[in-house]
S.K.: 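Here it is: the structure, laid out below.
Chain letters run A, B, ... following the sequence lines, proteins first, then strands; residues in each count from 1.
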Amino acid sequence: MNPFQAPAGTRDVLDPESARFAFVLERFSKRVRRAGYGLVISPMFEDLGVFNRSIGEDSEVVTKEMYEFDDKGGRRLALRPEGTASVVRAFVQHRPQIPWKAWYATPAFRYERPQAGRYRQHHQVGVEALGSDDPDLDVEVIALLDGYLRDLGLRSLDLRINSMGDLACRPGYESDLRAFLEVNVDGLCKEHRETWHRNPMRVLDCKRPPCIELRSRAPRLRESLCDDCARHFARVLEGLDALGIRYEQDDFLVRGFDYYTRTTFEVASGVLDAAQNAVGGGGRYDGLTELLGGPPTPGVGFGSGIERVLLAGEAEGLFGDLDSHVDVFVVDLTGGAQARDLTHLLRGAGLSTDRAFDDRSMKAQLRQADRSGATVALIVGRDEVERDVVTIKLLRGTQAHHQEQTPRLDLIGRVKELLS
RNA sequence: GUGGCCGUAGCUCAGUUGGUUAGAGCGCCAGGUCGUGGCCCUGGAGGUCGGGGGUUCAAGUCCCCUCGGUCACCCCA
């Protein structure tokens, strides 16, 4: 076996699959740019504090899953485990005009046990919109996620949405919830019997039967929202209705990062197993800029995992015909100089062209031409050189096998004609 | 982090109760007459059986460790 392979939980994405990867990326970037979002490219590692403070010291991601390291200058750094924190840090640092609408595509690193659809390096696309607390912006962001996924052809999608309240109403709710849990500790699952006090909201999100049973009797945040939050949430739902975006309100949707306020949402694919069905999620984070040392600035965004989207897409039978292929393949029987010059010429004229190397036999070159997916093969041997022509052979299509000779001067025009 | 299953050529896999130079299909390469692909025929290259240690006269086959994959839990994208 090779001495080196990709580290645990990481992988190489090679051609047929990388073509799907690129396709998804392109669809995404087109859509968000059309909505006025600009690309932000930020470092893949940050001061550890950027993530600690924003995601939350007690969160699973921060306590157990971050790739932390010291650089040679003694700085305490971490590889980005998700997309939002860096973008918001960049906002605070540069103070661009608001509303600032940004999109990103980035790897994200989490030290987790690898599993189907779960990697130590996965890739996310996402958007962040800072500087407005208008609920219509929440709607815009959700519509972008929903539209992006549906536009790819995904059909089986479930959008769940909830409001987490804000600093005015959540603390009160949390103490109500604590009080409730305190008298019902025995009803919790054994994990949460230990941890409910530190982060009571997580109990709502627990998938174990005891907690599920208990939470149905627990106080609802929905009923404790302050007027502002309630109005905001109502307007978001109204907007989704207006745009015909289907959703399910879920009182128990609690996302794993501490920075969320008010709107939170998650999209799950119905064709994936529950363990890996989240294809995107996000929400509002109105206090986050301050946590990172900036002025109070509301924000909302989402992240979506490319690997998950690809899994769902494959499960739904999308991306059938993305094989990359060239249109023209040059077969040179004179040693290679002809192929060298012709491919250069053809590519310069905008034709996707490939050739064989190493002066292989004609049979081998044609076999390669066939594999390349090319529609036409150009054959140049001694005869052609002497007569200053090129033999054009059609490899596929209704005219397959047809062969003709064309003067070199007319070559590009003739090839384009045959390809159209 | 915990637990189950798995690890043989580039890929998909066979390898009988441990016993001779480890096999197949696909793929790849070369030939099947001088310059014509996809089909067919023939031949060839390619594996320290994930790695290390142990048991044994003998291990791909048994045991231990380790690395990796996979699935579940957990968490999430």
S.K.: Take atom C1' in B:U16 and the same atom in B:U8, then report the distance between them in whole Å.
M.R.: 16 Å
S.K.: Quick check: any donor-acceptor pair below 3.5 Å linking the side-chain of A:Arg118 to the base of B:C74?
M.R.: yes
S.K.: If you measure from the P atom in B:C40 to the same atom in B:A45, how many Å do you get, rounded?
M.R.: 22 Å
S.K.: With a 4.0 Å cut-off, would you call A:Glu140 and A:Lys101 a salt bridge?
M.R.: yes
S.K.: Within 45° of the axis and under 6.0 Å from the centre of the six-membered ring of A:Tyr119, does NZ or CZ of A:Arg11 qualify?
M.R.: yes
S.K.: If I pick the C1' atom on B:C64 and the same atom on B:U21, what distance separates them, to the nearest angstrom?
M.R.: 31 Å
S.K.: Can you check whether A:Arg367 has a side-chain N or O nearer than 4.0 Å to OP1 or OP2 of B:G27?
M.R.: no
S.K.: Applying a 3.5 angstrom cut-off to the pairing atoms, does RNA chain B sit in any stems of at least three consecutive Watson-Crick or G-U pairs? List them by first number.
M.R.: B:1-7 with B:67-73, B:10-13 with B:23-26, B:28-32 with B:40-44, B:50-54 with B:62-66
S.K.: Between the side-chain atoms of A:Glu384 and the base atoms of B:G35, is any donor-acceptor pair under 3.5 Å?
M.R.: yes
S.K.: Using the P atom on both, measure B:U42 against B:U33 and round to a whole Å.
M.R.: 16 Å
S.K.: Looking at residues at least two apart in the chain, or sitting in another chain, which of them share a salt bridge (Lys or Arg N to Asp or Glu O under 4.0 Å) with A:Glu174?
M.R.: none
S.K.: Take atom P in B:G44 and the same atom in B:G51, then report the distance between them in whole Å.
M.R.: 27 Å
S.K.: Counting distance alone, no hydrogens or angles: does the base of B:G35 have a donor or acceptor under 3.5 Å from a partner atom on the side chain of A:Lys393?
M.R.: no
S.K.: In whole angstrom, give me the gap between the C1' atoms of B:A9 and B:G3.
M.R.: 33 Å
S.K.: Should A:Arg113 be listed as having a side-chain N or O under 4.0 Å from OP1 or OP2 of B:U70?
M.R.: no
S.K.: Before accepting this row, confirm whether a basic side-chain N of the pair A:Lys393/A:Glu404 lies closer than 4.0 Å to the acidic partner's carboxylate O.
M.R.: no
S.K.: When the P atoms of B:C34 and B:U20 are considered, how many whole Å apart are they?
M.R.: 46 Å
S.K.: Hey, what do you get for CG (A:Leu318) to CG (A:Leu310), rounding to the nearest 0.5 Å?
M.R.: 10.0 Å
S.K.: Do the side chain of A:Gln403 and the base of B:U36 come within less than 3.5 angstrom through a donor-acceptor pair of N or O atoms?
M.R.: yes
S.K.: For the C1' atoms, the ones on B:U17 and on B:U70, what distance do you get once it is rounded to whole angstrom?
M.R.: 30 Å
S.K.: Do NZ/NE/NH1/NH2 and the carboxylate oxygens of A:Glu316 and A:Arg155 come within less than 4.0 Å?
M.R.: no
